[in-house]
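Heavy-atom basis, side chains included; hydrogens, waters and symmetry copies ignored. Throughout, a chain's letter reflects where its sequence line sits, starting with A, and its residues are numbered from 1. Because the structure is a prediction, the values reported are computed rather than measured.
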Amino acid sequence: MQWQTQHGRHDLPWQQSPSAYSVHVSEIMLQQTQVSTVIPYFERWMQRFPSLDALASASEDDVMAQWQGLGYYSRARNLRKAAAHVIAEHGGEYPDCLQALQAIPGVGRYTAGAIRSFALQQYGPIVDGNVKRLYARLFGIDGEPNSSAFNRTLWQLAEQLTPHNASHIYSQGVLDLGATVCTKSQPKCSECPVQSECVAHATGRIEQLPNPKKKREKPFRVGHFSWHQPNQHIHLVKRSSPGIWGGLWCLPELPDAPKDAELAGEFIHQFTHYTLHAKVWRASTPQHLSVKDDNSVGYLATQLFDLNQLDQTGLPTPIKQFIQDRIALKRHT
DNA sequence: CAAACGTGGGT
DNA sequence: TACCCAAGTTT
């Protein structure tokens, strides 16, 4: 806690006059996403949706457009649902017990602890990637990453070590220590306040802890999309959720390559769990059919968008990129 | 419990 | 280039 006060981070946007709402928003955005990526999104979000009420009364399309590019879009859909939930179930005031916090859509054990700590300044243990790395090294914990046994051990440590007074300073401390000193590669052990107590440092196992995750092979998938562009408009469909890019507007996805169609373009996109080879086919008529997640075909909301106002529409990043590249290309030829 | 769920930064 | 993985949650 002393280290946190002297060397921790204090100037992040969500640390300035934090409310339960702003802490909630920042914590959801920060899930699996780096601080530097989140900062501009957080600032725009708080401008556009400054309060729980503003968010609850916004349309899903508005919310998705603000989230566009951040990824893991269920976070945005859940955040909007969460605003309605807190208003309906708690009269617009965040609950303070961990169990009630975890009942909020999109809020799991980590985020519940973070809201307790950072917004309510109450006892709120947290375990995230930073904390796992820090504790695994400090206490020399081997174990399959993300196994229940490994997680159980870490949460138990967090619950024991987190103080009941000024919990927020401790929680921010372990977060910042993991993020800035006990880093994945080339940790700054000479700057670490607990170096003398660190099992991994004493036994020369910094590089081995936490244990590496076993990697799975990444499948390769082909996706077919249709391109229908009548006079400066582009035909898009709203994707269903759950499923990849759920809630975003996208080129209609086809079950197969259409017969006798002309290829408008193609691109490769890397997801965490698979590689997508997208082929985009010219269509003279709009395609209302779309492939759903389970490979079934359904009808989705469909709309023509002015090519000049795609900025205010939530599209998957590679699809938006493809459209913009193609428009620019056409302008030159 | 494994797998789904996005995108981009760092080495 | 090819990985790893980042303030995780849900199914």
Side-chain angles (χ1 to χ4, degrees), chain A residues 8-9 12-15 18 23-42 64 67-79 81-82 101-115 117-119 124-134 144-152 154-155 158 168 171-180 183-187 207 210-219 221 239 241-248 250 269-276 293-294 314-321:
Chain A
R9 295 174 290 189
L12 296 170
W14 42 89
Q15 294 177 315
V23 169
H24 182 193
V25 170
S26 64
E27 290 301 338
I28 300 297
M29 286 187 172
L30 286 160
Q31 289 172 6
Q32 302 290 284
T33 310
Q34 296 186 345
V35 168
S36 59
T37 302
V38 166
I39 289 175
Y41 281 89
F42 177 79
M64 299 314 286
W67 202 271
Q68 132 115 61
L70 253 193
Y72 285 154
Y73 297 95
S74 67
R75 294 183 295 173
R77 300 192 304 270
N78 279 334
L79 198 44
K81 285 184 201 162
L101 285 169
Q102 277 196 71
I104 298 172
V107 175
R109 195 172 179 180
Y110 164 80
T111 305
I115 294 175
S117 264
F118 302 137
I126 56 168
V127 174
D128 76 326
N130 293 305
V131 177
K132 283 181 181 173
R133 189 170 54 249
L134 177 66
E144 180 66 30
N146 292 325
S147 68
S148 61
F150 184 69
N151 286 339
R152 189 160 48 242
L154 291 166
W155 275 102
H168 62 289
S171 294
Q172 191 66 53
V174 286
L175 224 43
D176 289 3
L177 196 51
T180 66
T183 49
K184 173 175 47 120
S185 61
Q186 301 178 25
E207 295 297 324
N211 293 349
K213 295 172 186 146
K214 55 184 171 196
K215 51 185 168 190
R216 253 165 252 295
E217 67 168 308
K218 192 192 273 192
R221 301 186 192 169
R239 295 184 65 99
S241 50
I244 194 82
W245 297 332
L248 295 181
C250 184
H269 183 70
Q270 300 288 345
F271 289 108
T272 301
H273 49 309
Y274 64 93
T275 299
L276 173 69
D293 209 39
D294 58 1
L315 274 71
T317 297
I319 298 288
K320 187 170 197 176
Q321 184 72 54

- Quick one: which of Phe271(A), Tyr72(A), Trp67(A) gives a ring-ring contact (aromatic ring centres under 6.0 Å, His included) with Trp245(A)?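 Testing each of Phe271(A), Tyr72(A), Trp67(A) against Trp245(A), the sole residue satisfying ring-ring contact (aromatic ring centres under 6.0 Å, His included) is Phe271(A).
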Taking the [atom1] atom in each of [N] and [M], what is the distance between them to the nearest angstrom?
{"N": "dT9(C)", "M": "dG8(B)", "atom1": "P", "answer": "22 Å"}
{"N": "dC4(C)", "M": "dA3(B)", "atom1": "P", "answer": "16 Å"}
{"N": "dA7(C)", "M": "dA4(B)", "atom1": "P", "answer": "24 Å"}

Over how many whole Å does the gap from [X] atom [atom1] to [N] atom [atom2] extend?
{"X": "Asn151(A)", "N": "dA2(B)", "atom1": "CG", "atom2": "P", "answer": "11 Å"}
{"X": "Ile28(A)", "N": "dC5(B)", "atom1": "CD1", "atom2": "P", "answer": "19 Å"}
{"X": "Ile126(A)", "N": "dG8(C)", "atom1": "CD1", "atom2": "P", "answer": "10 Å"}
{"X": "Lys214(A)", "N": "dC1(B)", "atom1": "NZ", "atom2": "C1'", "answer": "10 Å"}
{"X": "Tyr72(A)", "N": "dT11(C)", "atom1": "OH", "atom2": "P", "answer": "15 Å"}
{"X": "Met29(A)", "N": "dA6(C)", "atom1": "CE", "atom2": "P", "answer": "20 Å"}
{"X": "Arg77(A)", "N": "dT11(C)", "atom1": "CZ", "atom2": "P", "answer": "10 Å"}
{"X": "Lys218(A)", "N": "dA4(B)", "atom1": "NZ", "atom2": "P", "answer": "13 Å"}

Contacts under 3.5 Å, N or O only, protein and nucleotides 8-11 of chain B:
residue	atom	partner	partner atom	Å
dG9(B)	O4'	Gln34(A)	OE1	3.0

Give a yes/no on whether any side-chain N or O of [X] is located under 4.0 angstrom from OP1 or OP2 of [N].
{"X": "Lys215(A)", "N": "dC4(C)", "value": "yes"}
{"X": "Thr111(A)", "N": "dT9(C)", "value": "yes"}
{"X": "Tyr274(A)", "N": "dA3(B)", "value": "no"}
{"X": "His273(A)", "N": "dC5(B)", "value": "yes"}
{"X": "Trp67(A)", "N": "dC5(B)", "value": "no"}

Considering every strand and a 4.0 Å limit on heavy-atom distances, what is the contact class for [X]: base, sugar-phosphate, or nothing?
{"X": "Leu276(A)", "value": "nothing"}
{"X": "Val38(A)", "value": "nothing"}
{"X": "Ser26(A)", "value": "nothing"}
{"X": "Pro212(A)", "value": "nothing"}

- Minimal non-hydrogen separation, Val23(A) against Ile115(A), with atom names: CG1-CA, 4.0 Å
- Could I get the full list of side chain to side chain donor-acceptor pair (under 3.5 Å) partners for Lys218(A), not counting sequence neighbours? Gln270(A)
- side chain to side chain donor-acceptor pair (under 3.5 Å) against Thr33(A), all qualifying residues, sequence neighbours excluded: Arg75(A)
- Message: Quick check against the 3.5 Å criterion: does Arg77(A) have a side-chain atom that pairs as donor or acceptor with the backbone of Gly246(A)?
- Response: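 Yes; judged by distance alone, with no hydrogens or angles, the pair exists.
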Of the listed nucleotides [options], the one nearest the side chain of [X]:
{"X": "Trp245(A)", "options": "dG6(B), dA3(B), dC5(C)", "answer": "dG6(B)"}
{"X": "Phe271(A)", "options": "dG6(B), dA7(C), dT9(C)", "answer": "dG6(B)"}
{"X": "Pro318(A)", "options": "dC5(C), dT7(B), dC3(C)", "answer": "dT7(B)"}
{"X": "Arg216(A)", "options": "dA2(B), dG6(B), dC5(B)", "answer": "dA2(B)"}
{"X": "Asn130(A)", "options": "dG6(B), dA7(C), dG8(C)", "answer": "dA7(C)"}
{"X": "Ser148(A)", "options": "dC1(B), dA7(C), dG8(C)", "answer": "dC1(B)"}
{"X": "Val35(A)", "options": "dA4(B), dA7(C), dG8(C)", "answer": "dA7(C)"}

- Query: Which residues satisfy the ring-ring contact (aromatic ring centres under 6.0 Å, His included) test with His168(A), sequence neighbours excluded?
  - Reply: none
- Query: How would you list, by chain and number, every residue that makes a ring-ring contact (aromatic ring centres under 6.0 Å, His included) with Phe150(A), sequence neighbours excluded?
  - Reply: none
What donor-acceptor contacts under 3.5 angstrom involve side-chain atoms of residues 105-113 of chain A, with partners at least two apart or in another chain?
residue	atom	partner	partner atom	Å
Arg109(A)	NH2	Glu159(A)	OE2	2.7
Tyr110(A)	OH	Glu27(A)	OE1	2.8
Thr111(A)	OG1	Gln31(A)	NE2	3.1

- Nearest nucleotide by nearest heavy atom, which residue falls closer to the 5' end of DNA chain B, Leu315(A) or Ser147(A)?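 Nearest-nucleotide comparison on DNA chain B picks Ser147(A).
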- Query: How do Asn78(A) and Leu30(A) order along DNA chain C: which one's closest nucleotide is nearer the 5' end?
  - Reply: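 It is Leu30(A), whose closest nucleotide lies nearer the 5' terminus.
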- Task: May I ask you to verify whether the side chain of Arg9(A) and the base of dA7(C) hold a donor-acceptor pair under 3.5 Å?
- Result: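 Per atom types, the contact qualifies.
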- Interatomic spacing from CD in Gln172(A) to CZ in Arg9(A) - rounded to 0.5 Å: 6.5 Å
